[in-house]
Amino acid sequence: MSAADRRDATSGVDTTGHEWDGIRELNNPLPKWWLYIFYASIAWAVVYWIVMPAWPLASTYTKGLLGYSQREAVLADRDEALAERAAHGAPLLKVTPEQISKDSGLLEFALANGKAAFGDNCAGCHGAGGGGARGFPNLQDDDWLHGGSIDEILRTIRVGVRSTSPETLGGVSMPAFGRDGSLKRDEIENVAAFVRTLSSLAPAPTADVAAGGRIFATRCASCHGAKGEGNREMGAPRLNDAIWLYGSDQKAIVETLATGRAGVMPAWESKLDEATLRSLAVYVRSLGGAQ
Ligand code: HEC
Ligand code: HEC
């Protein structure tokens with residue numbers, strides 16, 4: 001086909017020479033502005049490959065002349081934030097945890113810091129204000145499984161209860177008398193009914209409370225005390241008060257006795273810095289029930 005044949009008579013533009021059923025394709029050049037942007041993009045890509053991290057290699061990647069790394073940028077930001085927080089928290093480390101409450105400036109800082117850390121780390125289990133839930137102790141009351149002095153609270157937060165820390169509290173758990181078969185069903189019902197009487201709750205009418213009391217003396221008192229007064233060393237809760245971790249109705253107590261209980265409080269020592277741990281202890285104690 002000659003050049004003249006290829007020209008489209010109507011538009012005067014060359015065609016590509018392709019033809020489908022008498023329809024021919026015009027061969028319009030690309031617009032200049034489009035081409036320039038296209039070339040500029042290519043040039044930009046080449047520059048980018050040279051200065052920024054770009055190409056994957058067998059075990060690494062091209063680092064680029066600027067050596068920029070998002071990961072390092074994030075780590076640097078984090079280190080800066082941690083250093084800033086540590087600097088703010090440093091005064092808390094200069095006094096004993098007990099003394100923090102005696103200095104209004106330190107106390108104010110510790111409470112604000114502790115409140116924020118509590119929301120981030122603890123509220124999921126203990127509730128937003130430390131109000132607790134079934135199996136998760138209320139931190140606002142005057143009843144402490146593991147001690148309510150600031151040092152004891154700090155210790156609980158540090159090492160946890162039945163946690164993975166080698167120093168964890170809660171070396172003993174509540175045995176599963178039902179599951180391990182050491183108490184029969186009716187014995188469990190009886191001792192559960194007796195446990196209710198320790199805190200002046202009405203026992204189940206069908207239960208033999210006296211028989212339950214005899215079982216309590218031999219099987220339970222070693223941990224919970226003869227009158228159910230509890231044993232903090234063991235983390236065995238008081239049973240003669242109105243505060244229940246797992247519920248006070250006959251059914252809940254029977255379940256506690258049948259399946260056992262082993263609440264887990266994580267250890268925070270390795271996850272939070274010392275100033276935050278101290279702030280948390282001060283904050284938790286401020287929630288109420290300070291001893
Ligand atoms: C995974 C759930 C969970 C998280 C998260 C958690 N705790 Fe606990 N915490 C528990 C449980 C369960 C217990 C009760 C352990 C037991 O049965 O003795 C407990 C016990 C405690 C106690 C002892 C209460 C007492 O009566 O002596 C304190 C204090 C405490 N937690 C503070 C905290 C703080 C502060 C945080 C956040 C840094 C936190 N907890 C995060 C589950 C949790
Ligand atoms: C080896 C020590 C040990 C013995 C023996 C023991 N308990 Fe416990 N008990 C515990 C511990 C520790 C807990 C707390 C478990 C937790 O915090 O998750 C507990 C929890 C309980 C609770 C739950 C209290 C609440 O606030 O909800 C009840 C009820 C209870 N025990 C009753 C009994 C009775 C009744 C017996 C005897 C048949 C008994 N326990 C024997 C250690 C013991």
Side-chain angles (χ1 to χ4, degrees), residues 114-127 130 132-150 152-163 168-178 182-183 187-196 198-199 212-225 228 230-250 252-269 271-272 276-285 287 289 291:
K115 187 174 185 187
F118 193 89
D120 288 347
N121 301 292
C122 325
C125 286
H126 290 285
R134 197 181 145 90
F136 301 109
N138 181 342
L139 303 176
Q140 298 169 341
D141 61 17
D142 204 5
D143 185 59
W144 297 95
L145 292 160
H146 306 284
S149 76
I150 194 134
E152 287 167 321
I153 294 174
L154 184 56
R155 181 188 57 177
T156 306
I157 299 172
R158 272 191 212 288
V159 303
V161 182
R162 301 178 193 92
S163 73
T168 182
L169 302 175
V172 295
S173 297
M174 170 65 197
F177 291 100
S182 60
L183 285 179
E187 291 176 316
I188 289 180
E189 291 287 347
N190 291 344
V191 74
F194 172 78
V195 166
R196 280 176 57 83
L198 288 174
S199 50
R214 287 191 294 276
I215 296 172
F216 191 89
T218 56
R219 307 298 292 273
C220 321
S222 55
C223 288
H224 289 284
N231 181 330
R232 204 171 264 176
E233 283 305 302
M234 295 194 177
R238 234 181 113 170
L239 301 177
N240 60 5
D241 63 6
I243 294 166
W244 296 84
L245 192 49
Y246 297 103
S248 65
D249 54 292
Q250 175 82 7
I253 300 174
V254 165
E255 191 188 314
T256 296
L257 294 167
T259 60
R261 301 287 189 192
V264 173
M265 154 79 179
W268 296 92
E269 198 161 37
K271 296 178 205 138
L272 301 172
T276 303
L277 293 170
R278 290 182 175 207
S279 302
L280 278 165
V282 170
Y283 172 72
V284 166
R285 195 172 70 159
L287 293 176
Q291 284 180 349

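Both ligands and their constituent atoms are indexed starting at 1 by order of listing.
- Within the listing of ligand 1, atoms 26 (O) sit less than 4.0 angstrom from a heavy atom of Asp143.
- At least one N or O atom of His224, backbone or side chain, sits closer than 3.5 Å to an N or O atom of ligand 2.
- A donor-acceptor pair is defined here as one N or O able to donate and one able to accept, closer than 3.5 Å; such a pair exists between the side chain of Thr168 and the backbone of Arg162.
- In the vicinity of Gly263, heavy-atom distances shorter than 4.0 Å reach the ligand 2 atoms 16 (C), 18 (O).
- Atom numbering of ligand 1 starts at 1 in the shown order; those under 4.0 Å from a heavy atom of Gly135 are 12 (C).
- Heavy-atom contacts of Ala262 reach the following atoms of ligand 2: 18 (O) (cutoff under 4.0 Å).
- When NE2 of His126 and SD of Met265 are joined through atom 8 (Fe) of ligand 1, the resulting angle is 180° to the nearest 10°.
- Interface of Ile157 with ligand 1, defined as ligand atoms under 4.0 Å from a residue heavy atom, comprises 35 (C).
- Looking at Trp268 and Leu280, their side chains never come closer than 4.5 Å, going by heavy atoms from C-beta outward.
- Each of the following atoms of ligand 1 lies closer than 4.0 Å to a heavy atom of Val264: 10 (C), 11 (C), 12 (C), 42 (C).
- Among the atoms of Met174, an N, O or S atom falls under 2.8 Å from atom 8 (Fe) of ligand 2.
- Heavy-atom separations between Gly124 and ligand 1 are all 4.0 Å or longer.
- In terms of polar-atom proximity, Leu145 is counted as a contact of ligand 1, with an N or O under 3.5 Å from an N or O of the ligand.
- Of the protein's non-hydrogen atoms, the one nearest atom 1 (C) of ligand 1 is Cys125 SG, 2.8 Å.
- Contact atoms of ligand 2 toward Phe177: 36 (C), 37 (C), 38 (C), 39 (C), 41 (C) (distance under 4.0 Å to a heavy atom of the residue).
- Backbone and side-chain nitrogen or oxygen atoms of Tyr246 are examined, and one is located within less than 3.5 angstrom of a nitrogen or oxygen of ligand 2.
- Atom 14 (C) of ligand 2 has Pro237 CD, 3.4 Å as its closest protein atom, hydrogens excluded (heavy atom only).
- Under 4.0 angstrom from ligand 1, the non-hydrogen atoms of Pro137 all belong to its side chain.
- Among Ile188, Val195, Leu245, the residue whose heavy atom lies nearest to atom 25 (C) of ligand 2 is Leu245.
- Listed by number with element, the atoms of ligand 2 under 4.0 Å from a non-hydrogen atom of Cys220 are 34 (C), 35 (C), 36 (C), 37 (C), 38 (C), 39 (C), 41 (C).
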Worksheet item: Taking it one step at a time, do Trp244 and Thr256 satisfy side-chain contact (heavy atoms from CB on, under 4.5 Å)?
Response: CA-CA 11 Å; Trp244 296 84; Thr256 296; over 6 Å; no
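- At least one heavy atom of Pro266 sits closer than 4.0 Å to an atom of ligand 1.
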Discussion item. Set out, in order, the CA-CA distance, both residues' side-chain angles and the distance that settles side-chain contact (heavy atoms from CB on, under 4.5 Å) for Leu257 and Val191, then state yes or no.
Written reply: CA-CA 9 Å; Leu257 294 167; Val191 74; 3.5 Å; yes
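- Of the possible polar contacts, one joining the Thr218 side chain to the Ile215 backbone as a donor-acceptor pair under 3.5 Å is found.
- Under the 3.5 Å distance criterion, the side-chain polar atoms of His126 are left unmatched by any main-chain donor or acceptor of Phe136.
- Within ligand 1, counting atoms from 1 as listed, the ones closer than 4.0 Å to a heavy atom of Arg162 are 16 (C), 17 (O), 18 (O).
- Among protein heavy atoms, atom 36 (C) of ligand 1 sits closest to Cys122 SG, 2.7 Å.
- A side chain to side chain contact (heavy atoms under 4.5 Å, CB included) with Tyr246 holds for exactly one of Arg261, Glu255, Met174; it is Arg261.
- For Ile215, no heavy-atom contact with ligand 2 is shorter than 4.0 Å.
- Within ligand 2, the atoms closer than 4.0 Å to a non-hydrogen atom of Thr256 are 21 (C), 22 (C), 23 (C), 28 (C), numbered from 1 in the order shown.
- Residue Leu257 touches ligand 2 through its side chain alone, judged by heavy-atom distances below 4.0 Å.
- Side-chain N or O atoms of Arg232 include one that pairs as donor or acceptor with a backbone N or O of Trp144 at under 3.5 Å.
- Set against the non-hydrogen atoms of Pro175, the atoms of ligand 2 under 4.0 Å away are 3 (C), 4 (C), 6 (C), 7 (N), 43 (C).
- Of all the atoms in ligand 1, the ones that sit under 4.0 Å from a non-hydrogen atom of Leu280 are 38 (C).
- Of the heavy atoms in Trp268, only side-chain atoms (C-beta onward) come closer than 4.0 Å to ligand 1.
- Metal site remark for atom 8 (Fe) of ligand 2: Cys223 contributes no N, O or S atom at a distance under 2.8 Å.
- Numbered from 1 in the order shown, with element, the atoms of ligand 2 that lie under 4.0 Å from a heavy atom of Arg219 read 5 (C), 37 (C), 41 (C).
- Separating the CD atom in Glu152 from the CZ atom in Arg285 is a distance of 10.5 Å, to the nearest 0.5 Å.
- Less than 4.0 angstrom separates some heavy atom of Val172 from each of these atoms of ligand 2: 12 (C).
- At least one test fails for Arg219 against the ring of Phe177: distance under 6.0 Å to the centre or angle within 45° of the axis.
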